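Owing to the predicted nature of the structure, the values given are computational and were not obtained by experimental measurement.
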Amino acid sequence: PISVSPTNRWFKIPDDEKGYKLDLFCVPKHYEEDLDQVIIPHGLIMDRTERLARDIVRDMGGHHIVALCVLKGGYTFFADLLDYIKALNQNSDKSVPLTVDFIRLKSYCNDQSTNIVKVIGGDELSTLTGKNVLIVEDIVETGRTMETLLSLLSECNPKMVKVVSLLVKRTPRSSGYRPDYIGFEVPDLFLVGYALDYNEYFRDLSHICILNENAKEKYKV
């Protein structure tokens, strides 16, 4: 049911993927009525993240990299990815000197991605002039949020910019943008867990799950 792209190296989760029953996994009691299925178990996320780390070290090894975390959703993926990169730095011939920075982008209202992208911390992007930047994002949906950030970054003249996103959503609303590194390509569903949120809820869920319609109303602002 889950396939790997032979050319661009990502897992493609098909539109008809049914996922896994919640009672097969450890899910917080307070979320059991809010989720339909587990679509990406935590262990699979970790294995895929380890492979992404290896690809990044292979391609960017030898360069000093500024890893730029897109908050809030990206922080768990960011931390796990950097842990794997640090392990590779200690145990392989090629290593990546790393420093970290953070930015926050806001483009959602409830379950809809808006056309307005708010950038928090953008004034500090000037410190990235002449640097090699690895942007770490949790999910790319329409692509417009990332395109906005890349446009802002280009004004600061970084030496190189690469983007890694754990998820890319297949959606007719997409601008066509694709990151340099992709963990999973996922159906056009609202997903939560592994720091992906719905109005700040579900960040404490280890697996990536499908949010049900009742929960969208329950946690609506």
Side-chain angles (χ1 to χ4, degrees), residues 1-15 17-20 24-26 37-102 132-141 143 146 149-150 160-171 174 177-187 189 191-196 203 205-210:
I2 298 176
S3 60
V4 181
S5 165
T7 53
N8 294 312
R9 293 180 177 274
W10 68 77
F11 274 93
K12 180 179 180 181
I13 299 178
D15 290 335
E17 171 63 36
K18 301 302 182 184
Y20 308 93
L24 296 174
F25 299 91
C26 294
Q37 299 275 47
V38 173
I39 193 165
I40 311 178
H42 184 258
L44 183 55
I45 297 168
M46 298 303 288
D47 282 356
R48 184 69 188 123
T49 301
E50 183 176 15
R51 180 57 203 235
L52 288 171
R54 188 195 301 182
D55 291 345
I56 289 165
V57 170
R58 179 199 63 208
D59 296 344
M60 304 180 78
H63 298 284
H64 175 210
I65 302 299
V66 179
L68 183 63
C69 177
V70 180
L71 297 170
K72 294 181 183 176
Y75 76 86
T76 302
F77 176 49
F78 182 80
D80 289 336
L81 181 69
L82 262 59
D83 280 346
Y84 282 124
I85 291 176
K86 285 188 289 185
L88 288 168
N89 280 347
Q90 295 167 5
N91 298 292
S92 64
D93 296 332
K94 220 174 197 182
S95 63
V96 179
L98 277 174
T99 54
V100 301
D101 206 345
F102 301 88
N132 300 301
V133 181
L134 176 67
I135 300 172
V136 183
E137 173 69 290
D138 57 348
I139 185 168
V140 170
E141 183 175 356
M146 186 55 63
L149 176 55
L150 290 171
M160 175 177 63
V161 179
K162 297 285 188 181
V163 179
V164 55
S165 182
L166 178 64
L167 306 178
V168 171
K169 187 177 286 190
R170 286 190 305 278
T171 170
S174 172
Y177 169 76
R178 304 287 287 186
D180 301 284
Y181 305 96
I182 299 169
F184 302 88
E185 185 186 86
V186 296
L189 301 167
L191 305 178
V192 294
Y194 193 67
L196 293 164
R203 295 195 193 276
L205 177 63
S206 296
H207 314 288
I208 294 177
C209 301
I210 302 169

Donor-acceptor pairs under 3.5 Å, side chain of residues 56-63 to any protein atom, not counting sequence neighbours: which ones?
from  : atom 1 : to     : atom 2 : distance (Å)
Arg58 : NH1    : Asp55  : OD1    : 3.3
Asp59 : OD2    : Tyr181 : OH     : 2.8

Non-hydrogen side-chain atoms of Leu24 and Val38 separated by less than 4.5 Å:
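The answer is no, as the side chains (C-beta and beyond) never meet within the 4.5 Å cut-off.
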
Using side-chain heavy atoms (C-beta onward) and a distance below 4.5 Å, is Ile210 in contact with Leu191?
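When only atoms from C-beta onward are counted, Leu191 and Ile210 do touch, with a gap below 4.5 Å.
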
Within this structure, what is the [atom1]-[atom2] distance for the pair [X] and [Y], rounded to the nearest 0.5 Å?
{"X": "Ser95", "Y": "Leu88", "atom1": "OG", "atom2": "CG", "result": "10.0 Å"}
{"X": "Phe11", "Y": "Ile182", "atom1": "CZ", "atom2": "CD1", "result": "13.5 Å"}
{"X": "Arg54", "Y": "Thr49", "atom1": "CZ", "atom2": "OG1", "result": "13.0 Å"}
{"X": "Thr76", "Y": "Asp80", "atom1": "OG1", "atom2": "CG", "result": "7.0 Å"}
{"X": "Ile135", "Y": "Cys69", "atom1": "CD1", "atom2": "SG", "result": "11.0 Å"}
{"X": "Leu134", "Y": "Asn132", "atom1": "CG", "atom2": "CG", "result": "10.0 Å"}

Closest heavy-atom pair and its distance - [X], [Y]:
{"X": "His42", "Y": "His207", "value": "N-ND1, 2.9 Å"}
{"X": "Gly193", "Y": "Ile208", "value": "O-CG1, 4.0 Å"}
{"X": "Ala53", "Y": "Tyr84", "value": "CB-CB, 3.5 Å"}
{"X": "Leu205", "Y": "Cys209", "value": "CD2-SG, 3.7 Å"}
{"X": "Pro179", "Y": "Val140", "value": "CG-CG2, 3.9 Å"}
{"X": "Val133", "Y": "Leu68", "value": "CG1-CB, 4.1 Å"}

With side-chain contact (heavy atoms from CB on, under 4.5 Å) as the test, would you mind laying out the steps for Leu52 and Phe77 before giving the verdict?
CA-CA 11 Å; Leu52 288 171; Phe77 176 49; 3.9 Å; yes

Evaluate the side-chain contact (heavy atoms from CB on, under 4.5 Å) criterion for residues Ile40 and Arg48: first the C-alpha distance (whole Å), next the side-chain angles of each, then the deciding distance (0.1 Å), finally the verdict.
CA-CA 11 Å; Ile40 311 178; Arg48 184 69 188 123; over 6 Å; no

Under the ring pair (Phe, Tyr, Trp, His ring centres under 6.0 Å) test, which residues partner Phe78, sequence neighbours left out?
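Phe78 satisfies ring pair (Phe, Tyr, Trp, His ring centres under 6.0 Å) with Phe102 only.
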
Apply the test side-chain contact (heavy atoms from CB on, under 4.5 Å) to residues Ile39 and Val186: give CA-CA distance (whole Å), side-chain angles for both, the deciding distance (0.1 Å), then the verdict.
CA-CA 9 Å; Ile39 193 165; Val186 296; 5.6 Å; no

Does Leu196 form a side-chain contact (heavy atoms from CB on, under 4.5 Å) with Leu167? I'd like the steps, not just the answer.
CA-CA 10 Å; Leu196 293 164; Leu167 306 178; 3.5 Å; yes

Under the side-chain contact (heavy atoms from CB on, under 4.5 Å) rule, collect the residues that match up with Asp15, sequence neighbours excluded.
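Testing Asp15 for side-chain contact (heavy atoms from CB on, under 4.5 Å), a comparison that skips the adjacent residues, returns Arg170, Pro187.
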
Using a 3.5 Å distance criterion without hydrogens, assess whether the side chain of Gln37 forms a donor-acceptor pair with backbone atoms of Lys18.
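Yes; at least one donor-acceptor contact below 3.5 Å.
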
